[in-house]
Amino acid sequence: MPRAHDALLVVDPQVDFFPGGALPVADGHAIVPTVNAALRVFSQAGLPIIVTRDWHPADHCSFTAQGGPWPEHCVKGTAGAEFHPELELPSIFAVVQKATTPDMEAYSDFEGTGLDDVLRGMRIERIIVCGLALEYCVRAACLDAIKAGFEATLLIDGTRAVEVAPGDGDRTLEELRAAGVKIRKGPPE
Ligand code: VGL
Ligand code: ZN
């Protein structure tokens with residue numbers, strides 16, 4: 001891997017989701033080597049790379065101040081919303097931003113973005129997924145990829161769980177497997 005008609009989807013590798021950020025995933029740094037390897041391999045193969053970002057207005061409905069479940073995070077234009085500096089981003093990649101308006105929450109990169117049509121237009125058949133956080137945006141991206149008719153492979157070493165409740169990560173993996181998502185260990189080479 002990868003092969004023709006694959007695309008790489010790196011979900012929300014943003015400062016706020018790493019340790020020290022506003023909504024940190026413990027051990028988030030552990031994903032960096034696998035994500036960078038995936039970026040390198042897809043870039044060298046000339047295959048599409050999509051990096052997504054949670055891109056909220058300051059009054060987003062998911063924030064506790066608005067009655068939502070999360071602390072303020074990934075406010076568009078702030079340092080916490082930047083891609084993590086340890087990411088080795090190639091010269092060419094596409095950015096998808098989501099949950100950009102106050103009233104709409106979107107964990108999935110396919111929700112309200114038109115990404116599925118863009119990928120179909122590029123003749124993509126399989127989506128290789130990594131990033132943060134496993135139970136939320138990575139889960140939603142994998143499930144929606146399958147629903148949209150793509151194959152989906154999750155790079156297990158390139159993702160980590162928030163674990164709001166212990167065991168959430170493992171339960172998510174089971175759910176993804178049952179939905180037809182392939183789980184792959186190690187970097188994509
Ligand atoms: C995410 C919680 C809130 C994620 C985004 O990227 O997984 N999680 N917003
Ligand atoms: Zn968010």
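Residue numbers count from 1 along this sequence. Note that this is a predicted model, so its numbers are computed, not measured. Indexing begins at 1, ligand by ligand and atom by atom, following the structure's order.
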- How about C137: does one of its N, O or S atoms come closer than 2.8 Å to the Zn ion (ligand 2)? no
- Pair K98 + E111, salt bridge at N-O below 4.0 Å: no
- Task: Assess whether side chain to side chain donor-acceptor pair (under 3.5 Å) is satisfied between D54 and H56, documenting all intermediate values.
- Result: CA-CA 6 Å; D54 215 28; H56 299 315; 2.8 Å; yes
- Query: What's the shortest distance from atom 1 (C) of ligand 1 to any protein heavy atom, and which residue and atom give it?
  - Reply: C137 SG, 3.4 Å
- Message: Under 3.5 Å between any N/O of D12 and any N/O of ligand 1: does that happen in this structure?
- Response: yes
- Message: Quick test of your reading of the model: are D12 and R53 salt-bridged, counting only N-O distances below 4.0 Å?
- Response: no
- Item | Minimum non-hydrogen distance to atom 3 (C) of ligand 1, winning option of F63, F17, W70 | W70
- Is the shortest side-chain N to carboxylate O distance from D157 to R184 below 4.0 Å? no
- Message: For a ring pair (Phe, Tyr, Trp, His ring centres under 6.0 Å) check, start with the C-alpha distance between H84 and H29, then their side-chain angles and the critical distance, and finish with the verdict.
- Response: CA-CA 10 Å; H84 195 277; H29 283 300; 5.2 Å; yes
- When distances are taken from atom 8 (N) of ligand 1, the protein heavy atom at minimum range is Y136 CB, 3.7 Å
- A133: numbered ligand 1 atoms lying under 4.0 Å from its heavy atoms: 4 (C), 6 (O), 7 (O)
- Query: Looking only at heavy atoms, is any part of H73 under 4.0 Å from ligand 1, and if so is it the side chain, the backbone, or both, or is it neither?
  - Reply: side chain
- Query: Would you call R171 and E174 a salt bridge, taking side-chain N to carboxylate O under 4.0 Å as the test?
  - Reply: no
- Metal-centred angle, the Zn ion (ligand 2) as apex - OD2 of D54, NE2 of H73, 10° resolution: 100°
- Here the N/O/S atom of H56 closest to the Zn ion (ligand 2) would be NE2
- Query: Should the pair F17 and H73 be assigned to parallel (<30°), tilted (30 to 60°) or perpendicular (>60°) ring geometry?
  - Reply: tilted
- Query: Which one of L132, D54, V138 has a non-hydrogen atom at the shortest distance from atom 5 (C) of ligand 1?
  - Reply: D54
